Amino acid sequence: MPNPAAPVSDRPAEGRSEFQARVHEWFTANAPRKGSPEDFSAVHIVSAATAEEYRAQEQHAISVTRTWQRRLFDAGLAGRSWRPEYGGHGAPDWQDEVVIEEQARWGVSTKMFAVGLEMVPAVLFRHGTHEQRATFLPPILRGEHSWCQLLSEPGAGSDLANVQTRATPVDGGGWSVTGQKVWTSNAGCSEYALLVARTGSREEGRAGLSCFLLEMAQPGVDIRPLRQMSGAYHFNEVFLDDVHVPENGLIGAPGEGWAVLRTMLASERAAIGGGTSARSATQLVGLARTLGCDGDPVVRDLLAQAAIRERTLDLLRARIAAGHAVAAAGPTTKLLYSEHARLSADAATTILGMAATVVDDEVSAPWIERLLFAPGLRLGGGTDEIQRNAIAERGLGLPR
């Protein structure tokens, strides 16, 4: 009899249904159920009273995520379609989708590694060199390196063409980077960053931007946490003072940063749209049952709405994964997800009633954190307004 906890080994002629069955069997044996005491699907949503306490909780979240990602890798479930020299198995693309879909059903999360797992590969597979892929991708799959993005600046939020952080060539090769970034998620717990900096003149706009791979733990990198209304320190300011980037840290050629950035943002929107809170209907049902109000007509209506939104997202993502033409797929998915997260957190406060005002209540605390975290989802990867513009222009063909 096969051991369900054993690695999912490669079977070249294996069909989708057989592979799905084996992946499901492995998750059944190894992953906690949603709503169980071991559920860590929201481990990436962290809040604390002080920056020091937040950093400790953030490091705990990184540790939990790293352990899970390593288990996926050892089981042969990480990077199924990647070439072996990049840590993968050279399997068909659909096997990655099977793993992603199955993982979304369980109480697990890899969102602390979202930049590394979902954005860095998209960038390097499209714009990077073989050396960059072979160097940076295998440690990401093994859960060894966490990544962040150094994009927004005080004067360049949604308008990233206005980035002023400058990368200057240095004698002997490489670049010196000086400038300021803001709203950087997970900067304090990341080993590496995707950095957008200006290598051309300010007048060149987009044409003067370049993208780099930056090591965070080096002289000249100063990370300062920013306190949010939720009590979290999820975002950071990052000051760069004569920070070194080696010659092979440039992605593509100088001046090609805007093309790299577009790939990065498209993958970010898709990653946000596939967030673990997209399975929140299951957890809302569990909350209602815990409180004994799952028979209340108002509560049942809220649960039905959440289930419908969730199913709509699932079907949209399945169409995209199957290769069907979906106009403005990234912006649409991201917009639907941010709305779902907001409405689901709001539904939870209705179900909780006055308990939603008690921040140290064991049942309500996770939902209060989600409620306060949800507005940030409407900003990350481009605001809701930017997504709607993209849908109107690229999806519906409306004029600018």
Side-chain angles (χ1 to χ4, degrees), residues 85-86 115-116 119-140 144-224 236-268:
E85 58 265 42
Y86 304 144
V115 175
M119 298 168 215
V120 175
V123 165
L124 293 186
F125 281 135
R126 183 159 187 175
H127 305 279
T129 64
H130 167 73
E131 179 189 4
Q132 289 171 335
R133 297 170 197 150
T135 299
F136 294 105
L137 294 183
I140 288 174
E144 295 170 3
H145 293 161
S146 176
W147 287 70
C148 64
Q149 296 169 294
L150 296 175
L151 306 182
S152 296
E153 299 182 3
S158 298
D159 182 18
L160 289 175
N162 198 39
V163 161
Q164 296 305 309
T165 294
R166 177 157 292 280
T168 306
V170 296
D171 294 339
W175 307 77
S176 171
V177 181
T178 297
Q180 178 186 356
K181 297 292 181 177
V182 73
W183 312 126
T184 301
S185 305
N186 301 333
C189 59
S190 293
E191 285 84 15
Y192 292 92
L194 286 170
L195 164 73
V196 171
R198 185 162 296 284
T199 51
S201 67
R202 183 171 184 172
E203 290 70 28
E204 289 180 277
R206 298 176 180 180
L209 299 178
S210 299
C211 189
F212 300 89
L213 302 160
L214 174 74
E215 186 174 0
M216 295 291 286
Q218 62 170 305
V221 178
D222 181 15
I223 302 169
R224 303 180 190 178
N236 303 268
E237 288 182 291
V238 180
F239 294 86
L240 306 168
D241 183 14
D242 193 23
V243 176
H244 179 67
V245 176
E247 192 169 358
N248 62 0
L250 174 66
I251 303 173
E256 293 182 356
W258 191 256
V260 178
L261 186 60
R262 289 186 63 180
T263 299
M264 197 187 311
L265 291 177
S267 62
E268 180 180 22

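Residue indices begin at 1 and follow the sequence shown. The structure presented is a predicted model; accordingly, all values stated were derived computationally and were not measured.
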Taking the side chain as C-beta and beyond, is there a heavy-atom pair between Glu144 and Glu191 under 4.5 Å?
no
Would you please classify the geometry between the His145 ring and the Tyr192 ring as parallel, tilted or perpendicular, with 30° and 60° separating the classes?
tilted
To the nearest 0.5 Å, what is the distance between CD on Glu237 and CD on Gln180?
5.0 Å
About how many Å separate CE of Met216 and CG of Leu150, when rounded to the nearest 0.5 Å?
5.0 Å
Aromatic rings Tyr86 and Phe125: how do their planes relate, parallel, tilted or perpendicular, breaks at 30° and 60°?
tilted
On a heavy-atom basis, which atom in Pro121 and which in Gly116 lie closest, and how many Å separate them?
CD-O, 2.9 Å
Is it true that atom CD of Glu85 has more than 12 heavy atoms of other residues, nucleotides or ligands lying nearer than 6.0 Å?
yes
Kindly indicate whether the side chain of Leu240, heavy atoms from C-beta on, has any atom under 4.5 Å from the side chain of Leu214.
yes
Rounding to 0.5 Å, atoms CG (Asn248) and OG1 (Thr129) come to a distance of 7.0 Å
Considering non-hydrogen atoms only, spot the tightest contact between Glu215 and Gln218 and give its length.
O-NE2, 2.7 Å
Under the side chain to side chain donor-acceptor pair (under 3.5 Å) rule, collect the residues that match up with Glu256, sequence neighbours excluded.
none
Value for CG (Leu160) from CZ (Arg206), rounded to nearest 0.5 Å, stands at 10.0 Å
Take atom CZ of Arg166 as the centre, draw a 6.0 Å sphere, and report whether it contains more than 12 heavy atoms from other residues, nucleotides or ligands.
yes
Which heavy atom of Cys211 sits nearest a heavy atom of Leu250, and at what distance?
O-CD1, 3.5 Å
Using side-chain heavy atoms (C-beta onward) and a distance below 4.5 Å, is Leu261 in contact with Leu151?
yes
State, yes or no, whether a side-chain contact exists between Thr199 and Leu209 at a heavy-atom distance under 4.5 Å.
no
Reported CE-to-CH2 distance for the pair Met264 and Trp258, which is rounded to 0.5 angstrom
11.0 Å
Run the side-chain contact (heavy atoms from CB on, under 4.5 Å) check on Asn162 and Arg202 step by step: do they pass?
CA-CA 8 Å; Asn162 198 39; Arg202 183 171 184 172; 4.2 Å; yes
For His127, the ring-ring contact (aromatic ring centres under 6.0 Å, His included) test, sequence neighbours excluded, returns none
Return yes if a side-chain donor-acceptor contact under 3.5 Å exists between Asp242 and Ser176, otherwise no.
yes
For the residue pair Glu153 and Val196, establish whether any side-chain heavy-atom pair is separated by less than 4.5 Å.
no
Distance-only, no hydrogens or angles: does the Asn236 side chain make a donor-acceptor pair with backbone N or O of Thr184 under 3.5 Å?
yes
Using modelled atom types and a 3.5 Å cut-off, is there a donor and acceptor pairing between side-chain atoms of Gln149 and backbone atoms of Val115?
no
On a heavy-atom basis, the closest approach of Cys148 and Ser185 is CB-O, 3.3 Å
Is any side-chain heavy atom of Leu213 closer than 4.5 Å to a side-chain heavy atom of Ile251?
yes
If you compare all heavy atoms of Trp175 against all heavy atoms of Pro246, which two are closest, and at what distance to 0.1 Å?
CD1-O, 4.1 Å
Minimum-distance pair of heavy atoms, taken over all atoms of Ser210 and Gly255:
OG-N, 2.9 Å
Within-4.5 Å side-chain heavy-atom neighbours: Val163 and Lys181:
yes
